Amino acid sequence: MPSSLRMILPVIAMVPLAACATAYAPTVSATRCDPARHQALVGMNIGEVYLPPQLHYREISPGQIVTQEYQPGRLNIFLDPKGWIARVSCG
């Protein structure tokens with residue numbers, strides 16, 4: 001194997017790893033439901049929202065059946081038919 005190819009192969013092998021290391025900053029950094037802070041999500045498309053992994057949330061589409069148990073730290077994200085966030089609430 002030519003020496004130039006031996007030098008390039010490790011660099012090529014690292015390219016996919018670099019893509020995996022890209023992390024997105026959360027759109028809202030609160031890790032528990034906070035109506036004042038999460039209100040900023042209203043009007044955004046759910047596809048462009050990044051939430052912290054610690055945040056317990058559920059996306060609720062129009063007509064979707066949801067359970068009624070109350071969890072104060074959970075964020076409820078109500079979507080319109082096209083995936084835009086219409087409102088948010090806790091519980």
Side-chain angles (χ1 to χ4, degrees):
M1 180 187 300
S3 63
S4 61
L5 187 56
R6 266 186 273 158
M7 293 172 58
I8 293 175
L9 281 177
V11 173
I12 293 172
M14 297 205 51
V15 170
L17 294 175
C20 293
T22 304
Y24 294 98
T27 308
V28 177
S29 61
T31 57
R32 287 188 49 85
C33 187
D34 182 347
R37 292 175 68 191
H38 286 112
Q39 189 63 29
L41 299 174
V42 174
M44 299 179 79
N45 189 284
I46 193 64
E48 63 187 10
V49 170
Y50 298 98
L51 298 170
Q54 307 89 344
L55 177 65
H56 185 57
Y57 70 94
R58 62 181 172 178
E59 299 171 13
I60 303 170
S61 299
Q64 180 179 338
I65 297 172
V66 293
T67 58
Q68 295 296 312
E69 83 280 1
Y70 181 72
Q71 296 181 19
R74 178 178 58 199
L75 176 66
N76 295 309
I77 303 173
F78 294 88
L79 305 173
D80 75 3
K82 293 185 178 183
W84 293 93
I85 300 173
R87 69 183 179 97
V88 296
S89 69
C90 295

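We're numbering straight along the sequence, starting at 1. These figures come from a predicted structure and were not determined experimentally.
For the atom pair OG1 of T31 and CG of L55, the computed distance is 7.5 Å after rounding to the nearest 0.5 Å. Between the CZ atom of R32 and the CD atom of Q54 there is a distance of 12.5 Å, given to the nearest 0.5 Å.
By the 4.5 Å side-chain criterion applied to Ile, Leu, Val, Met, Phe, Trp and Tyr, I65 is assigned to no cluster and stands alone.
Here the side chains of S29 and R37 are in contact, with some heavy-atom distance below 4.5 Å. Between P72 and C33, the closest side-chain pair of non-hydrogen atoms is not below 4.5 Å. Put simply, the side chain of E59 reaches to within 4.5 Å of the side chain of I46, judged on heavy atoms. Contact annotation: the side chain of R87 never approaches that of I85 to less than 4.5 Å [non-hydrogen atoms, C-beta and beyond]. Side-chain atoms of L51 and P26, non-hydrogen and from C-beta on, never get closer than 4.5 Å to each other.
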Assess the residue pair R74 and S89 against the criterion (side chain to side chain donor-acceptor pair (under 3.5 Å)); give the C-alpha distance rounded to whole Å, side-chain angles, the decisive distance to 0.1 Å, and a yes or no.
CA-CA 8 Å; R74 178 178 58 199; S89 69; over 6 Å; no
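The two residues D80 and P62 make their nearest non-hydrogen contact at C-CG, 3.8 Å. Nearest approach of V42 to V88, heavy atoms of both residues: CG2-N, 4.2 Å. P52 approaches A30 most closely through the heavy-atom pair CG-O, 3.6 Å.
Scored by the side chain to side chain contact (heavy atoms under 4.5 Å, CB included) test, T27 finds L41, M44, V49, Y50 as partners (sequence neighbours excluded).
With hydrogens and angles disregarded, a donor-acceptor distance shorter than 3.5 Å links the side chain of E48 to the backbone of N45.
In this structure, L75 is not a member of the same hydrophobic cluster as F78, with clusters built from ILVMFWY side-chain heavy atoms closer than 4.5 Å.
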